[in-house]
There are 2 protein chains.
Amino acid sequence: MADDPGGPVPRTPREEVRRRLLSAAVRAFAEHGYADSRLEDIAHAAGFTKGAVYSNFGGKRDLFGAVLRERSDAEIDTLLARIGESADPADAVADTVRGVARRITEDPERGRLGLEFAARATRDAQTRDVVGRMRRAQREAVAEAVSRFAARGVPLGADPGLTALILHCLTNGLSMEHLADPGSVDTETIERALGAVIAALASVPPPDREEPQ
Amino acid sequence: MADDPGGPVPRTPREEVRRRLLSAAVRAFAEHGYADSRLEDIAHAAGFTKGAVYSNFGGKRDLFGAVLRERSDAEIDTLLARIGESADPADAVADTVRGVARRITEDPERGRLGLEFAARATRDAQTRDVVGRMRRAQREAVAEAVSRFAARGVPLGADPGLTALILHCLTNGLSMEHLADPGSVDTETIERALGAVIAALASVPPPDREEPQ
DNA sequence: AGGTTAGCATACCCATGGGTATTGGATACT
DNA sequence: AGTATCCAATACCCATGGGTATGCTAACCT
């Protein structure tokens with residue numbers, strides 16, 4: 001059964017091999033961490049073997065580096081794309097907050113990978129360089145968005161750069177807290193936390209229990 | 001030289017053996033991470049061999065668990081102790097902020113360990129339980145401190161629990177950011193970020209460039 | 001078609017380090 | 001003192017998995 005087959009099986013394009021390996025690596029590193037991810041598992045998850053990995057990457061470290069750079073670029077692109085779509089200030093902020101909160105709770109892979117990156121950045125200079133660049137770019141994107149709101153007349157309790165740092169770090173901190181203690185840090189709580197800080201920084205009095213006015 | 005010695009070398013008390021191993025393990029896990037820490041290195045750093053480790057702990061996982069619990073208790077004690085010493089509200093806040101900022105930049109071991117704990121909590125239920133408990137206790141301690149300020153008449157833009165969550169997560173986020181990008185997140189920046197958020201949440205106008213009054 | 005190359009599969013190597021079994025000497029007990 | 005016990009040192013085991021060398025076949029060349 002399934003005996004001889006008609007001729008040669010077509011070969012997977014190198015580009016796709018690389019993409020599938022990278023994608024499998026992202027899942028593996030996020031789920032098991034760098035050390036506990038096995039190259040053979042990653043390769044099989046992508047439908048190949050270790051040979052494919054060493055044919056497309058220099059080794060485990062290099063594969064991790066490729067994952068890091070790929071995600072870094074993706075993150076920055078997402079951020080930059082989001083800046084454009086701003087509507088009414090209040091609504092835009094509320095929507096963004098909701099989106100951020102949902103991504104934290106519904107896409108744990110992202111947070112896990114971020115933690116893995118951060119942990120390795122602590123010890124490896126190469127990783128630190130890339131992660132540092134990514135973080136700076138993210139903060140700058142946030143700062144840019146904040147500046148636009150400021151230009152529209154929203155008062156700020158701090159300059160855009162500091163405001164961006166605050167929002168960025170608060171978001172990361174909330175993400176970490178959710179991962180460590182999902183039960184007491186849910187989507188709604190994250191929304192409230194971000195909303196409260198933004199409201200306070202924008203010198204907008206906290207919502208008076210019901211809709212204002 | 002150093003030839004025969006007078007008789008038996010006294011044996012190190014078991015309590016001290018355990019303490020020294022634990023302390024060496026803290027340093028190792030913080031510096032190299034769990035996976036890249038070798039039991040033999042830890043043992044030698046403490047002045048013993050692997051035998052001492054397996055005599056005092058169940059194995060590598062158990063040693064990590066012991067480190068986690070020990071640090072968890074220490075963190076909670078520190079937090080609780082700090083609550084007592086509040087003087088003038090404004091000064092107390094400024095002092096606390098300065099202390100937190102300095103600890104982040106001057107004691108990287110703490111942040112690194114926190115990251116390691118968080119990363120493992122993501123995948124291991126046991127670790128997640130302990131880390132979750134620790135985090136909740138920390139937030140409650142902060143909430144308690146916030147409540148005291150609120151009782152003294154400091155207005156709050158959010159309830160103490162949410163305020164504590166915000167401050168706690170912002171602190172952790174800033175710590176992570178400092179580790180990943182020490183150059184652009186220094187002590188002063190951390191102080192400003194924390195100060196700005198506290199000022200905003202307490203509905204206190206931001207410092208007017210120079211001393212107020 | 002025959003030959004060459006490119007690229008993944010397969011088989012193998014071996015350093016690493018967690019875990020275990022055993023030993024040896026100090027402490028406690030009688 | 002003699003004996004039992006405790007506890008860390010030592011020696012050893014071996015599963016693991018990153019890395020490498022080789023094989024094999026599809027795609028490319030001419």
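We name chains A, B, ... by the order of the sequence lines, and we start the count at 1 in each one.
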Checklist entry - Can you tell me how far C1' of dG19(C) sits from CD of Glu40(B), to the nearest Å? => result 13 Å
What pairs of nitrogen or oxygen atoms, one from the protein and one from nucleotides 28-30 of chain D, lie under 3.5 Å apart?
none

Checklist entry - Sequence neighbours excluded, which residues qualify as side chain to side chain donor-acceptor pair (under 3.5 Å) partners of Arg120(A)? => result none
Item to check | Rounded interatomic separation in angstrom, taking CG from Leu63(B) and P from dG19(C) | outcome: 10 Å
Checklist outcome for this item: Atom OH of Tyr54(A) and atom P of dG19(D) are separated, to the nearest Å, by 4 Å
Tell me which donor-acceptor pairs under 3.5 Å the side chains of residues 26-36 of chain B have, and how far apart each pair is, sequence neighbours excluded?
| from | atom 1 | to | atom 2 | distance (Å) |
| --- | --- | --- | --- | --- |
| Arg27(B) | NH1 | Ser23(B) | OG | 3.0 |
| Tyr34(B) | OH | Arg61(B) | N | 3.4 |

Item to check | Arg103(B): partners by salt bridge (charged side-chain N to carboxylate O under 4.0 Å, His left out), with sequence neighbours left out | outcome: none
Next on the checklist: Under a plain distance cut-off of 3.5 Å, with no hydrogens placed, do Ser184(A) and Arg135(B) share a side-chain donor-acceptor pair?
Outcome noted: no
Checklist outcome for this item: Quick tally for nucleotides 4-17 of chain D: nucleotides whose base has a protein heavy atom under 4.0 Å get B, sugar-phosphate-only ones S, the rest -, giving --BBSBB------S
Checklist entry - When the nearest nucleotide of DNA chain C is assigned to Arg61(B) and to Val53(A) on a heavy-atom basis, which residue is associated with the more 5' position? => result Val53(A)
Checklist entry - Got a sec, which residues hit side chain to side chain contact (heavy atoms under 4.5 Å, CB included) with Thr171(A), two or more places apart in sequence or on another chain? => result Val100(A), Ile104(A), Leu194(A)
Item to check | Where at least one partner belongs to residues 98-129 of chain B, residue pairs that pass ring-ring contact (aromatic ring centres under 6.0 Å, His included), sequence neighbours excluded | outcome: Phe64(B)-Phe117(B)
Next on the checklist: What is the distance, to the nearest angstrom, from the CD atom on Glu15(A) to the P atom on dC8(C)?
Outcome noted: 11 Å
Checklist outcome for this item: Separation of dG18(C) atom P from Ile42(B) atom CD1, nearest Å, is 8 Å
Checklist entry - How would you list, by chain and number, every residue that makes a side chain to side chain donor-acceptor pair (under 3.5 Å) with Ser72(B), sequence neighbours excluded? => result none
Next on the checklist: By the ring-ring contact (aromatic ring centres under 6.0 Å, His included) test, which pairs, at least two apart or in different chains, include something from residues 164-184 of chain A?
Outcome noted: none
